[in-house]
Protein chains: 2
Amino acid sequence: MARPKEFIAEEALDAAIGVFREHGFEGTSAEMLVRTLGIGRQSLYDTFGGKWQLYLAAVQRYAARETEAHLSALASAPRAVDGLRAMVERVVDDAAEACLGVNSICEFGTGKPELAAIRDNAGRTLTRAIVARIREAQVEGDVAPDIDPSSATEFLQASFAGIRVAARGGAGHRRLRALGQLALRALA
Amino acid sequence: MARPKEFIAEEALDAAIGVFREHGFEGTSAEMLVRTLGIGRQSLYDTFGGKWQLYLAAVQRYAARETEAHLSALASAPRAVDGLRAMVERVVDDAAEACLGVNSICEFGTGKPELAAIRDNAGRTLTRAIVARIREAQVEGDVAPDIDPSSATEFLQASFAGIRVAARGGAGHRRLRALGQLALRALA
DNA sequence: CCTGATTTGGAACGATCAGTCAAGAATGAA
DNA sequence: TTCATTCTTGACTGATCGTTCCAAATCAGG
C-alpha cells in the first residue's frame, strides 16, 4: 500500500517504559523520547498521539507485563505459600529498576481518572489471584486463619510498593530480601 | 536598616511543602509557587535562591517535622510496643496528604546526592529511636526475639511508604488501618 | 526631614517545552 | 514505470519554563 514503518510500535513502547519509569512523566521531555525510542518526532506523534497518550500506553503495557509476572510466580509452586513467597522474591529481585506503577501513583495520585482506571483494571485480576492463593494457604495451614484474605492481599501489594520505594531510595538486595521476609511473616 | 520582608520565610516554606508534596518538583512551576506562597517572584529568588534550592529546603523542613512527629508518637507510651503502634497509627491518620519524602524518592531516586543526604540525615535519628524501641519491646515480650531490630525498623519504614503509596492511590482510612495492623503483626 | 539599604512587582530574558508543518524518501499496487 | 500513499526528517510554532533586570515602594538611621 505504502511505505512501511521502520520501527515496531511495541519495541518503542518498551523503550518508553524505560524512560518514564526512570524520570516520570513530567521529568521526561519529548526530545528524550525521540532520542531513546530511536524514532522521528512525527512518527511518535503519528503512532501514539502525544506524550500523554504514550505515557498511558506505556503504563498499560507495563501493568500487563507486571501482572503476568506476578501471576506466573504466584502459580509457580503447588503449595500456595510457596507461590506467595516466589511472588515476593520476584519483586525483590526486580526492584533495582524503578516501578512505573508506583511512580505514576506518586506523581499523579488519583488526579487522572484515565490513569487510575488502567491501574485498577490491571490490579483486579491480580488481586483476585492473590486472595485465592491466600485462602489456599490458610487451608494448608501456612497462613493464619484469623487473617482477612483481602486485607492480606492489600498488605502484600502495599509491601511491594514499600520494597520498591526502598530500592529506589538506595536499599540493596540484602535489605530488600529482609523486607520481603518480614512481609510474609505478617501472614504466618 | 531597611525595608523588612512582608512575609515569613518559614510560612512560605510550609506553603511550598504543600505544593511540592502534591505536584512533585517537575510538576510544580515557578508561577504556582509565587501564587501559592503569596510572595513576589523576586522575593522568592532572593530568599531561597531558586526552585531547586527551595525544594531542598522544603524537603529538609518536611523531614524534620516528620521525624519529630514520629519520635513524639514513638515516645507517647511507656510500653514500647504501644509507642510503635502509635507511630504506625499516626502515619495512617496523616496519610491522606501525600508524603514529600516518598515523592522525592520516587521522583529522583538516588540521582541527587544533596537530596539523598537530607533524607539520610533525617532518617538516622529516627532509625536509631525505632531500633531502641524495638529492642525494648523484645525485652518486654511484645516483639519476637528472633527478629533483627534493624531489619524490623527498615520494614516499618518501608511499610510507611507502602501505606502512603496506597493512600495516594485512593485507599481509604479503613484499609490503611488494616495495613498498619498487619505490619505490626509481622513483629509479633 | 533626608539618605542609604532592601524589598517588591512587573516586564522581559533566553531556553526549552510539547506539538505541527512541509517537503522529500520509500514503498506497494497498477 | 508510474502513481498514490505512507513514513521520515528537520525546521518551525506559540507557549511556558526558570530566572533576571529594573524601577518604584518602603523602611531604619542620622
Side-chain angles (χ1 to χ4, degrees), chain A residues 1-60 100 103-104 107-108 111-112 114-115, chain B residues 1-61 100 103-104 107-108 111-112 114-115 118:
Chain A
M1 293 281 253
R3 180 177 181 178
K5 284 188 195 295
E6 291 181 358
F7 63 96
I8 301 168
E10 291 171 356
E11 287 182 2
L13 214 46
D14 286 338
I17 289 174
V19 187
F20 282 132
R21 80 194 300 180
E22 186 60 33
H23 301 99
F25 176 76
E26 295 284 0
T28 299
S29 70
E31 207 217 319
M32 288 168 66
L33 289 167
V34 166
R35 192 166 358 105
T36 309
L37 307 210
I39 70 178
R41 228 181 185 69
Q42 189 65 35
S43 303
L44 191 157
Y45 280 86
D46 284 346
T47 307
F48 299 106
K51 186 186 166 188
W52 178 246
Q53 288 94 323
L54 174 56
Y55 182 74
L56 291 178
V59 172
Q60 176 106 270
L100 185 53
N103 247 310
S104 83
E107 188 164 3
F108 297 108
K112 308 280 177 180
E114 352 167 40
L115 197 55
Chain B
M1 288 288 254
R3 181 176 179 179
K5 284 188 196 293
E6 291 181 0
F7 63 95
I8 301 169
E10 291 172 355
E11 288 181 2
L13 214 46
D14 286 338
I17 289 174
V19 187
F20 282 133
R21 78 195 302 180
E22 187 59 35
H23 301 98
F25 176 76
E26 295 284 358
T28 299
S29 70
E31 207 216 320
M32 289 168 67
L33 288 168
V34 166
R35 191 167 358 105
T36 309
L37 306 211
I39 70 178
R41 234 182 184 67
Q42 189 63 34
S43 302
L44 192 156
Y45 279 85
D46 283 348
T47 307
F48 298 105
K51 186 186 166 189
W52 177 247
Q53 287 94 324
L54 174 57
Y55 182 74
L56 292 179
V59 173
Q60 177 105 268
R61 182 172 170 82
L100 185 54
N103 246 311
S104 82
E107 188 164 3
F108 296 108
K112 307 282 176 180
E114 352 167 37
L115 197 55
I118 292 175

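By convention in this document, chain letters (A, B, ...) are assigned in the order of the sequence lines, proteins followed by strands, and residues within each chain are numbered from 1.
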I need the [atom1]-[atom2] distance between [X] and [N], as an integer number of Å.
X	N	atom1	atom2	result
A:Tyr45	D:dT9	OH	C1'	15 Å
A:Asp46	C:dA25	CG	C1'	15 Å
A:Glu26	D:dT16	CD	C1'	12 Å
B:Phe48	C:dT8	CZ	C1'	15 Å
A:Arg35	D:dT9	CZ	C1'	17 Å
B:Met32	D:dT16	CE	C1'	13 Å
A:Leu44	D:dT9	CG	P	13 Å
B:Ile39	D:dA25	CD1	P	21 Å

Short heteroatom pairs, N/O only, protein and nucleotides 13-17 of chain C, under 3.5 Å:
none

Side chain to side chain contact (heavy atoms under 4.5 Å, CB included) involving A:Glu114 - partner list, sequence neighbours excluded
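Here the qualifying residues are A:Trp52, A:Leu56.
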Measure the spacing between [atom1] of [X] and [atom2] of [Y] and express it to the nearest 0.5 Å.
X	Y	atom1	atom2	answer
B:His23	A:Phe108	NE2	CZ	10.5 Å
B:Leu44	B:Gln53	CG	CD	10.5 Å
A:Phe48	A:Ile39	CZ	CD1	5.5 Å
A:Leu54	A:Lys51	CG	NZ	10.0 Å
B:Tyr55	B:Ser104	OH	OG	4.5 Å

Side-chain touch B:Glu10/B:Arg61, heavy atoms, less than 4.5 angstrom
yes
Do B:Phe20 and B:Val59 make a side-chain contact, defined as non-hydrogen atoms from C-beta onward lying under 4.5 Å apart?
no
Within the pair A:Ser43 and D:dT8, is there a side-chain N or O less than 4.0 Å away from OP1 or OP2?
yes
Please write out each protein N/O paired with an N/O of nucleotides 21-23 of chain D under 3.5 Å, distance rounded to 0.1 Å.
from	atom 1	to	atom 2	distance (Å)
D:dC21	N4	B:Gln42	OE1	2.2

Please state whether the base of C:dT8 and the side chain of B:Arg41 form at least one donor-acceptor pair under 3.5 Å?
no
For A:Glu31, does the CD atom have more than 12 heavy-atom neighbours from other residues, nucleotides or ligands under 6.0 Å away?
no
